[in-house]
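Down below is the structure, laid out as structure tokens.
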Amino acid sequence: MEEKYYPQIVEEKWQKIWEEKKSFRAAENSSRPKYYVLEMFPYPSGRIHMGHVRVYTIGDVLARFKRMRGFNVLHPMGWDAFGLPAENAAIERGIHPAKWTMENIAYMKEQLKKMGISYDWDREIATCEPEYYRWEQLIFIRMLERGLAYRKRSTVNWCPSCRTVLANEQVENGRCWRCESEVTKRDIDGWFFKITAYAEELLAWCDRLTGWPERVITMQKNWIGRSEGAEFDLPVAGRPELKIRVFTTRPDTAFGMTYAVLAPEHPLVDQLITRPEERAEVESFRAEVLKQSDQERVAEDRPKRGLRLSARVVNPFNGADIPLFIADYVLMTYGTGAIMAVPGEDQRDWDFAKKHGLPIIETTQRPADWTGEAYPGDGVKINSGFLDGLTVAEAKRRATDWLVERRLGEAKVNYRLRDWGISRQRYWGAPIPVLYCDACGMVPEKEENLPVVLPRDVQISGKGGSPLTSHPDFVNARCPRCGGRARRETDTMDTFVESSWYFLRYCSPRYEGGMVERAAADYWMPVDQYIGGIEHAVLHLLYARFYTKVLRDLGLVQIDEPFNALLSQGMVIKEGAKMSKSKGNVVSDAVIREKYGADTGRLFELFAAPPEKDLDWSDQGVEGGFRFLTRLWRFVCQHRDALVAATPASSSDELPADLRDLRRLTHKTIKKVTDDIELRFHFNTAIAAIMELFNAVGAVTRDGSASEREMSVVKTALEAIVTLLYPFVPHVTSELWENLGHKSSLDAVPWPSYSAEAMEQENLLIVVQVDGRVRGKITVPADASSDYIKEEALADPRVKGFVAGKEIQRIVEVPRRLVNIVLEG
RNA sequence: GCCCGGAUGGUGGAAUUGGUAGACACACGGGACUUAAAAUCCCGAGGCCCCGGAAGGGGCCGUGCCGGUUCGAGUCCGGCUCCGGGCACCA
């Protein structure tokens, strides 16, 4: 054993051993319980840096820990390989997206191996392979058959920079989630997945995902945005054939309706125009509203603009004839695109009514101290006909019943969630397997013709539009139904479709009979622990949940939800900003490995903060981690012969106090580290506890002349340290373990257990408080009686000083911890 | 505006169920080793104040702010401030 710790030599050695032995291969035939741990797979964008490494390290700790705990662990890795950056690279550097992607994958795979992440590489997948996306195409066809995939013309979010459609989920503050360009609107034909059909189930299951962070659940719930209310018709005055359907969450306020509003783009607007000059007014107003981006339309404190139409409507509740407007604050994309306006109880309506001089009727009794304008709260109904005197909740029910009885409307639930637009006008994605036949119209590709392979020989110019449209061999095809001329769909699928099921493919990555081999999926799924960044709280996680439910309904899997537990890890921060290539503050993994080794890099990231918190990069912190590993190395090196020769201590009998203490601390540390990893993912405190134990070992052996008896206790402690550290720093611990004379490698060693006997305290330290302030500490035998402890506490000289001359009111005792002497007054 | 987090030494963080606040580390200071430096090892340390020649001993304050509950509050309750994140004309 080298005197000096050369991490690079050690790491290379063990990585080679793991690879040759295929130490991390997972198989379904095991008597052990399964554990599926998964980190969100990366987009192969180039190279990983220390900011990326964190999530893989966290997953690796769990994978290695669970293996030692006797689980059959599945810990796979793959590549989210389709996507825009590959195309952009192609445009910028003239390299084919496939080549660029594959080279990045090869490089990043090497990086992950060098960080010692224990993946079963036999299960590696890349989503750009036809063997992968063919199943996605098959499912697309199944979804098409069930109406879960459909085509429609719609106003979509368009990123002018990426030149493609974006799903609602991919628009952040009016900007593209990937390139941050301002998103505009466009009318376009495209493919949608009917995620709204699962809105209710997705929402209901939120409360059953107990292993998920609260904030992610909240974000998903908000995104689904369920609201309960009623829908009903407002007849147009004097036009019995025309009715305007409105949605409201407050049917109880209907008597306060003093006008109604349509979204400017509402299809009924044209029919409501009666005067010739009105058409021009409407068109100019509409044009003005629609030319604004959503960003502008939702700008803060924006005045609500509207145009009064000549048509009027009737409030069915009281027969009132009220004015009708089109206004920008009513959106076509929510509810029915039309509202009843109740300025008394809705602030937006209040603002609009004030501006247009419309009457305001209060229908809810305001609290005496109410100083606001519109009152949205609870109270007794007033000015509301048959609803008067009811509470808001009662009045909602009564008003809805009233509508239903007269066949004017119904109870209705609305969602903010929109269907998922999956069409992308890009090349580097999975082709959508449909054709357009001159005779038959839209026809899905025959299943036996799948996959529809993305052609490689394309010209990527960057001039806009998908290069597929100018690839005749791809576009021109035969109709699968009639054999006539047909044109292939040139849109590709959103890459979030691939990431919606990759975790299933890992269960049977080479299976050729379908998307997943049923038995394998039944065995491994759901993922027991999923780990990834908070940025996917809505997008990927919602899509994956939806897709899993679709696959369940198609009979492919049995599970309802894909991820049992979710850990949202924090970002790696350097110089006040997220570590990223674009910010120019990345720390290279290669530099860290050269200088300190992969183990040190891992140790630092695990020790500096708990996983869910942001982590501040600190070069000195890394240095500290390296020092710790070096100290450990040197210790084993110096005491190696004595340690190998020693017999581990099996009992505390006949040990002097300091060795009993060390043995006790050893077992307590095992317990703490086990609990910290298993129950809380608090790797930082687990590592801190191990450091404490090592410091205690150092204290026992400080004088350098350890006796045989000392060595046996030290050996137990040290072997515990090495074993407990293995999930965090697997290379150096494997090497130390071998040097401690063990034949079997550490990754096959069971996790250490702790014994109650060893943890038993013979003495207890009891804190003595007087009136809640610490005034003394006493050491008593563990089995000391309550009376004895109180007696001792009162005998403490310092305590005596505080108690002297005062009357003791009572003494509070917390067993094994403290006594509090409460004085009078 | 609404919803969810968070605020603890010079720094990252610890305190798991209301029971010794500051574990573990970083940075810092002192010492040992060295011709010297690096490395290593040892020691110290929340702030203010008091007693003592010194070693040491003691008091008060202290977990963003104000108040409350409790024998006892970083932890629970009420009211704020600031920071971070999410959603936002959603009817």
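Naming convention: chains lettered A, B, ... in sequence-line order (proteins, then strands); numbering from 1 in each chain.
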Inset, instruction - Round to the nearest Å and state the distance from A:Trp223 atom CH2 to B:C3 atom C1'. - result: 15 Å
Inset, instruction - Determine the interatomic distance between P on B:G64 and the same-named atom on B:A73; round to the nearest Å. - result: 15 Å
Inset, instruction - Answer with yes or no whether the side chains of A:Tyr5 and A:Thr600 bring together a donor and an acceptor at under 3.5 Å. - result: no
Inset, instruction - Quick one: look up who B:U11 pairs with, Watson-Crick or G-U, both distances under 3.5 Å, and put none if it's unpaired. - result: B:A25
Legend entry - Whole-angstrom distance between B:A7 and B:G74, as gauged at atom C1': 11 Å
Legend entry - From CA spacing to verdict: ring pair (Phe, Tyr, Trp, His ring centres under 6.0 Å), A:Phe683, A:Phe65: CA-CA 11 Å; A:Phe683 307 140; A:Phe65 171 75; 8.8 Å; no
Inset, instruction - Would you indicate what A:Phe604 reaches in the nucleic acid, counting non-hydrogen atoms under 4.0 angstrom: base, sugar-phosphate, or nothing? - result: nothing
Inset, instruction - Please tell me which of the listed nucleotides, B:A23, B:A25, B:C41, lies nearest to the side chain of A:Arg631? - result: B:C41
Inset, instruction - Using atom CZ of A:Phe683 as one end and atom P of B:G12 as the other, report the distance to the nearest whole Å. - result: 22 Å
Legend entry - Separation between the C1' atoms of B:A91 and B:U16, rounded to whole Å: 46 Å
Inset, instruction - Rounded to the nearest angstrom, tell me the gap between atom CG in A:Leu629 and atom P in B:A25. - result: 13 Å
Inset, instruction - Whole angstrom is fine here: how far is it from CZ in A:Phe628 over to P in B:A39? - result: 19 Å
Inset, instruction - Would you indicate what A:Phe607 reaches in the nucleic acid, counting non-hydrogen atoms under 4.0 angstrom: base, sugar-phosphate, or nothing? - result: base
Legend entry - Protein-nucleotide distance (A:Leu693, atom CG; B:A23, atom P), rounded to Å: 18 Å
Legend entry - Span that lies between the C1' atom of B:G52 and that of B:A38, in whole angstrom: 41 Å
Legend entry - Separation between the C1' atoms of B:G5 and B:G9, rounded to whole Å: 24 Å
Inset, instruction - Look at A:Arg773 together with A:Asp771 and state whether they make a salt bridge at an N to O cut-off of under 4.0 Å. - result: no
Inset, instruction - Please say whether more than 12 non-hydrogen atoms of neighbouring residues, nucleotides or ligands are located less than 6.0 Å from NZ in A:Lys354. - result: no
Legend entry - Proximity to the side chain of A:Arg775 - top-ranked nucleotide from B:G59, B:A25, B:C71: B:G59
Legend entry - Side-chain donor-acceptor pair present, A:Glu345, A:Thr253, cut-off under 3.5 Å: no
Inset, instruction - Please report, rounded to the nearest Å, how far the P atom of B:C26 is from the CG atom of A:Asn695. - result: 10 Å
Legend entry - Sequence-aligned protein contact record of nucleotides 14-21 of chain B, with B where the base is within under 4.0 Å of a protein heavy atom and S where only the sugar-phosphate is: SSB--BB-
Legend entry - Distance between C1' atoms of B:G18 and B:C33 (Å, rounded): 49 Å
Inset, instruction - Would you please confirm or rule out a distance under 4.0 Å between OP1 or OP2 of B:G86 and any side-chain N or O of A:Arg416? - result: no
Legend entry - Closest to side chain of A:Met219, choosing from B:G86, B:A91, B:C41: B:G86
Inset, instruction - For B:G9, decide between syn and anti, treating a glycosidic angle within 90° of 0 as syn. - result: syn
Inset, instruction - Just call it for A:Arg798: base, sugar-phosphate, or nothing, with non-hydrogen atoms closer than 4.0 Å on any strand. - result: sugar-phosphate
Inset, instruction - Using only heavy-atom distances, determine whether the side chains of A:Thr196 and A:Asp419 contain a donor-acceptor pair under 3.5 Å. - result: yes
Legend entry - 5' priority, RNA chain B, between A:Asp349 and A:Asp616 [closest heavy atom]: A:Asp616
Legend entry - Protein-nucleotide distance (A:Asp252, atom CG; B:A91, atom P), rounded to Å: 14 Å
Legend entry - Gap between atom CD1 of A:Ile339 and atom CG of A:Leu234 - 0.5 Å precision: 10.5 Å
Legend entry - Touch class at under 4.0 angstrom, heavy-atom based, for A:Gly225 against every strand present: nothing
Legend entry - Pair assignment for B:G62, Watson-Crick or G-U wobble, requiring both distances under 3.5 Å: none
Legend entry - For B:A36, the Watson-Crick or wobble partner whose two distances fall under 3.5 Å: none
Legend entry - A:Tyr334 side chain, from C-beta outward: closest of B:A91, B:A27, B:C41: B:A91
Legend entry - Pairwise P distance for B:G57 and B:U63, with rounding to whole Å: 26 Å
Legend entry - Side chain A:Arg418, main chain A:Thr333, donor-acceptor under 3.5 Å: yes
Legend entry - Short side-chain N/O contact to B:G84 OP1/OP2 from A:Arg215, under 4.0 Å: no
Inset, instruction - Kindly write out the residues that satisfy salt bridge (Lys or Arg N to Asp or Glu O under 4.0 Å) with A:Lys574, not counting sequence neighbours, or none if the list is empty. - result: none
Inset, instruction - Can you tell me the pairing partner of B:C87 across any strand shown, Watson-Crick or G-U wobble, with both distances under 3.5 angstrom? - result: B:G1
Inset, instruction - Using atom NZ of A:Lys574 as one end and atom C1' of B:U11 as the other, report the distance to the nearest whole Å. - result: 16 Å
Legend entry - N/O (side chain, A:Arg773) to phosphate O (OP1/OP2, B:C61) under 4.0 Å: yes
Legend entry - C1' spacing across the pair B:G46 / B:G10, given as an integer number of angstrom: 11 Å
Inset, instruction - Once you apply the 3.5 Å cut-off to both distances, tell me the Watson-Crick or G-U wobble partner of B:G67, or none. - result: B:C77
Inset, instruction - Report the residue (A:Ile339 or A:Glu692) whose heavy-atom-nearest nucleotide on RNA chain B is the more 5′ of the two. - result: A:Glu692
Legend entry - Derivation and outcome, ring pair (Phe, Tyr, Trp, His ring centres under 6.0 Å), residues A:Phe352 and A:Phe325: CA-CA 10 Å; A:Phe352 191 84; A:Phe325 289 78; 5.2 Å; yes
Inset, instruction - Pick base, sugar-phosphate or nothing for A:Asp614, based on heavy-atom distances below 4.0 Å to the nucleic acid. - result: sugar-phosphate
